[in-house]
Amino acid sequence: MTLSGMGKNAIEGKLHVVTFDLETRRLATDVGGWSNLKRGDGGISALVVFDSLSTRYHLYAEHPLVAAAQHLESADVVLSFNGQDFDVPVIEGILQRRLEIGVHVDLLQLVWAAVTGRRKGNKLDDIALRTLGYGKPHDGTLAPTLADEGRWAELFDYCLLDVELTKKLFAYAQENGAIINGMGELVELQLPAWFGGINLS
């Protein structure tokens, strides 16, 4: 992961950083499995982006998904939790095109590269509870129900919390170079050298 080719923004240290997460409208069991969900068959009910330039959260649903994709593509650095293997493929499947993302740093990929043995116990909620002391009120399987019942405020609040947790975990890793594992120990993450200097807030 390098920042080469980012031009003026990289030189001046004013990188455009976004952190994002999405919720699907249907679960894997509803669309014939995870592979179908990842290719977009489950749709998108909510997508939230935190932008370091606007310093606010931006909310998208499936209908303005083109705008959401352009928002991600406009950033120098995209941060996510399992975005590389899930969120981005879902967006690409629905839009039927590849996303042109500059540098994508995925926290789950960093954690998996750092831990040894079993990968279980490293969901976003697990890591947040250990590292930040708080997590999510429920898991993402409730998201389709919230959408079906028109409980959009709750749905977007849930998705926004995922983004907040991801951003705060990246901030913790930025300060400590690590996250806390299931044994209560710091596990060093292989973050790129430039990561310590980017603005996450």
Check which hydrophobic residues are tied to Leu129 through side-chain heavy-atom contacts below 4.5 Å, counting indirect links as well, and list them.
->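 Under the 4.5 Å side-chain rule, Leu129 groups with nothing.
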
Quick check on the hydrophobic clustering: are [X] and [Y] connected, directly or via other members, by side-chain heavy-atom contacts under 4.5 Å?
X	Y	result
Leu59	Val78	no
Phe86	Leu169	no
Ile44	Val31	yes
Trp112	Trp34	no
Val111	Leu165	yes

In Å and rounded to the nearest 0.5 Å, what is the [atom1] to [atom2] distance from [X] to [Y]?
X	Y	atom1	atom2	value
Asn122	Arg130	CG	CZ	5.0 Å
Ile179	Leu107	CD1	CG	7.5 Å
Glu23	Cys159	CD	SG	4.5 Å
Leu47	Leu160	CG	CG	11.5 Å
Glu62	Leu22	CD	CG	10.0 Å
Ile127	Asn181	CD1	CG	10.0 Å

State whether the side chain of [X] and the backbone N or O of [Y] hold a donor-acceptor pair below 3.5 Å, judged by distance alone.
X	Y	answer
Gln174	Ile198	yes
Asp126	Lys123	yes
Gln84	His104	yes
Thr19	Val163	no
Lys167	Ser201	no

For a quick test of reading the model, state the closest non-hydrogen atom pair linking [X] to [Y] and the distance between them.
X	Y	result
Arg97	Glu73	NH1-OE2, 2.8 Å
Ala173	Leu189	CB-CD1, 3.9 Å
Leu37	Gly42	CD1-CA, 3.7 Å
Ala61	Pro64	O-CD, 3.2 Å
Asp76	Lys14	OD2-O, 4.4 Å
Leu95	Ala69	CD1-CB, 3.6 Å

Could you tell me whether Asp162 and Lys136 make a salt bridge, using a distance below 4.0 angstrom between a side-chain N and a carboxylate O?
->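 Yes.
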
Would you call Asp41 and Arg39 a salt bridge, using N to O less than 4.0 angstrom?
->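 The answer is yes: the pair qualifies as a salt bridge.
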
Hey, mind stepping through Tyr134 and Lys168 against side-chain contact (heavy atoms from CB on, under 4.5 Å) and telling me if it holds?
-> CA-CA 11 Å; Tyr134 74 102; Lys168 287 190 174 183; 3.3 Å; yes

Trace of the side-chain contact (heavy atoms from CB on, under 4.5 Å) decision for Asn199 with Val17 = CA-CA 7 Å; Asn199 180 24; Val17 182; 5.9 Å; no

Taking only distance into account, with no hydrogens and no angle test, what donor-acceptor pairs under 3.5 Å do side-chain atoms of residues 142-150 form with protein atoms, sequence neighbours excluded?
| residue | atom | partner | partner atom | Å |
| --- | --- | --- | --- | --- |
| Asp148 | OD1 | Arg26 | NH1 | 3.2 |
| Asp148 | OD1 | Arg26 | NH2 | 3.3 |
| Asp148 | OD2 | Arg26 | NH1 | 3.3 |
| Glu149 | OE1 | Arg151 | NH1 | 2.6 |

Mutual orientation of the aromatic rings belonging to His71 and Tyr60 [parallel < 30°, tilted 30-60°, perpendicular > 60°] |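 Aromatic pair His71/Tyr60 classed perpendicular.
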
Take the angle between the ring planes of Phe170 and Phe195 and call it parallel below 30°, perpendicular above 60°, tilted in between.
->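 The rings of Phe170 and Phe195 sit tilted, inter-plane angle from 30° to 60°.
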
Salt bridge (charged side-chain N to carboxylate O under 4.0 Å, His left out) with Asp87: which residues, sequence neighbours excluded?
->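 Checked Asp87 against salt bridge (charged side-chain N to carboxylate O under 4.0 Å, His left out); zero matches.
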
What do you reckon, is CH2 of Trp152 surrounded by more than 12 foreign heavy atoms closer than 6.0 Å?
->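 Yes, enclosed.
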
Stepwise side-chain hydrogen bond (donor to acceptor under 3.5 Å, both in side chains) test for Asn176 and Glu188 | CA-CA 8 Å; Asn176 298 279; Glu188 184 177 351; over 6 Å; no

Can you tell if the side chain of Val18 reaches within under 4.5 Å of the side chain of Leu72, non-hydrogen atoms only?
->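 They are in contact (side-chain heavy atoms under 4.5 Å apart), so the answer is yes.
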
Give me the one residue out of His58, Arg56, His16 that meets side-chain hydrogen bond (donor to acceptor under 3.5 Å, both in side chains) with Asp51.
->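 Result for side-chain hydrogen bond (donor to acceptor under 3.5 Å, both in side chains) with Asp51: His16.
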
Val105 vs Val77, side-chain contact (heavy atoms from CB on, under 4.5 Å): CA-CA, chis, key distance, verdict | CA-CA 7 Å; Val105 186; Val77 180; 4.2 Å; yes

Would you confirm whether the ring centroid of Phe156 sits within less than 6.0 angstrom of the ring centroid of Tyr57?
->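 No.
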
Under the side-chain contact (heavy atoms from CB on, under 4.5 Å) criterion, do Leu155 and Ser45 qualify, and how do the steps go?
-> CA-CA 8 Å; Leu155 174 62; Ser45 58; 3.6 Å; yes

Modelled atom types, side-chain donor and acceptor of Ser80 and Asn82, under 3.5 Å =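 Checked: Ser80/Asn82 side chains show no N/O donor-acceptor pair below 3.5 Å.
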
